[in-house]
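What you see is a predicted model; the values in this text were computed from it and never measured.
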Amino acid sequence: FTPFERSLDNLAIRRESLETVPSPQAAPRLRLELDSGNFPIVWADMFPLPYRGLCGGDQMWAMIPVVVVGQEGDDFLIADGSRHPVRVSAEVLSAARARVKKDRNQMIVLEAPDTERLADGIRRGIQTCTALFLDKPPAGAATNFGMAAMRHFSKMLTDAKNAKGWAKTFQP
């Protein structure tokens, strides 16, 4: 179950996946891609990224893809949900990229989509999305995906007796 990879496949987007395990090599590799005119996607823990204003990062993490669009001095410019690139120090971005072992220093460089395969890919994507909502889930419990998950979620919102219901989990 790799929704990001499947989305790229459905959109017929070719890519090169790069992984630099030793952290000291990650920033130079990222700079090399930027110098080549690419805008790589990197995975970073969103908690230490200062512009997000999140706390509790020492107790939890959440790896998200962000697009690196440039560099200014030792800092990187990233696109992450804003109209304008956000400046992040190399040290902060490096720490955020190295946070989770399985995603450590991953980077992907995308190419233009194959326009001849694009229409079929979009059709497959719609079929996949529909199947996730209506069919058996690809992994885990049925209550984690699709319509079954929506029904379960609405039940948990209102079930005051269930130990996992919101009334018990989020007591006033």
Would you say Phe4 ends up clustered with Ile126 if hydrophobic residues are merged whenever their side chains have heavy atoms under 4.5 Å apart, either directly or through other cluster members?
yes
Nearest-0.5 Å distance that lies between atom CG in Leu18 and atom CG in Leu32:
9.5 Å
Minimum-distance pair of heavy atoms, taken over all atoms of Leu77 and Pro85:
CB-CB, 3.9 Å
Just by distance, no angles: are the side chains of Asp35 and Gln71 close enough, under 3.5 Å, to form a donor-acceptor pair?
yes
Answer whether the closest heavy-atom distance between the side chains of Lys168 and Asn162 falls below 4.5 Å.
no
From CG (Leu157) to CZ (Phe170), nearest 0.5 Å:
9.5 Å
Please report the shortest heavy-atom distance between Thr158 and Ser154, naming the atom on each side.
OG1-O, 3.3 Å
Can you hop from Trp43 to Val67 via hydrophobic side chains spaced under 4.5 Å?
yes
Gap separating the OG1 atom of Thr128 from the CG atom of Asp135, nearest 0.5 angstrom
10.5 Å
Check whether any side-chain heavy atom of Pro50 lies under 4.5 Å from a side-chain heavy atom of Val92, and answer yes or no.
yes
Got a sec: does the CD of Glu111 have more than 12 other heavy atoms crowding it under 6.0 Å?
yes
With side chains defined as the heavy atoms from C-beta onward, is the minimum distance between Val88 and Val66 less than 4.5 Å?
no
Is there side-chain contact between Phe76 and Leu34, with at least one heavy-atom pair below 4.5 Å?
yes
Looking at CG of Asp75 and CD1 of Ile78, how far apart are the two atoms once the value is rounded to the nearest 0.5 Å?
11.0 Å
Does a side-chain N-to-carboxylate-O contact under 4.0 Å join Arg104 and Asp45?
no
Between CG of Leu110 and CD of Glu16, what distance do you get to the nearest 0.5 Å?
11.0 Å
Examine distances only and state if a side-chain atom of Arg31 and a backbone atom of Asp74 form a donor-acceptor pair shorter than 3.5 Å.
yes
Tell me the closest heavy-atom pair linking Glu33 and Val109, and the distance in Å.
OE1-CG2, 3.5 Å
Closest non-hydrogen contact found for Ala160 with Ala167 is CA-CB, 3.9 Å
Where Lys102 and Gln106 come nearest, the two heavy atoms and their spacing
O-NE2, 2.8 Å
Thr169 side chain reached by Met156 side chain, heavy atoms, under 4.5 Å
no
First locate atom CH2 of Trp166, then atom CD of Gln171, and finally report the distance between them rounded to the nearest 0.5 Å.
14.0 Å
Could you check if a side-chain atom of Ile108 sits within less than 4.5 angstrom of a side-chain atom of Glu5, using non-hydrogen atoms only?
yes
With the side chain counted from C-beta on, respond yes when Leu118 and Leu11 share a heavy-atom pair under 4.5 Å apart, and no when they do not.
yes
Look at the side-chain heavy atoms of Ile, Leu, Val, Met, Phe, Trp and Tyr, link any pair under 4.5 Å apart, and say whether Phe47 and Tyr51 land in one connected group.
yes
State plainly whether the residues Arg6 and Asp9 are in salt-bridge range, i.e. N to O under 4.0 Å.
no
Does some side-chain heavy atom of Ile64 sit less than 4.5 Å from a side-chain heavy atom of Asp80?
yes
Taking every heavy atom of Gly140 against every heavy atom of Pro137, the minimum-distance pair comes out as O-CG, 3.9 Å
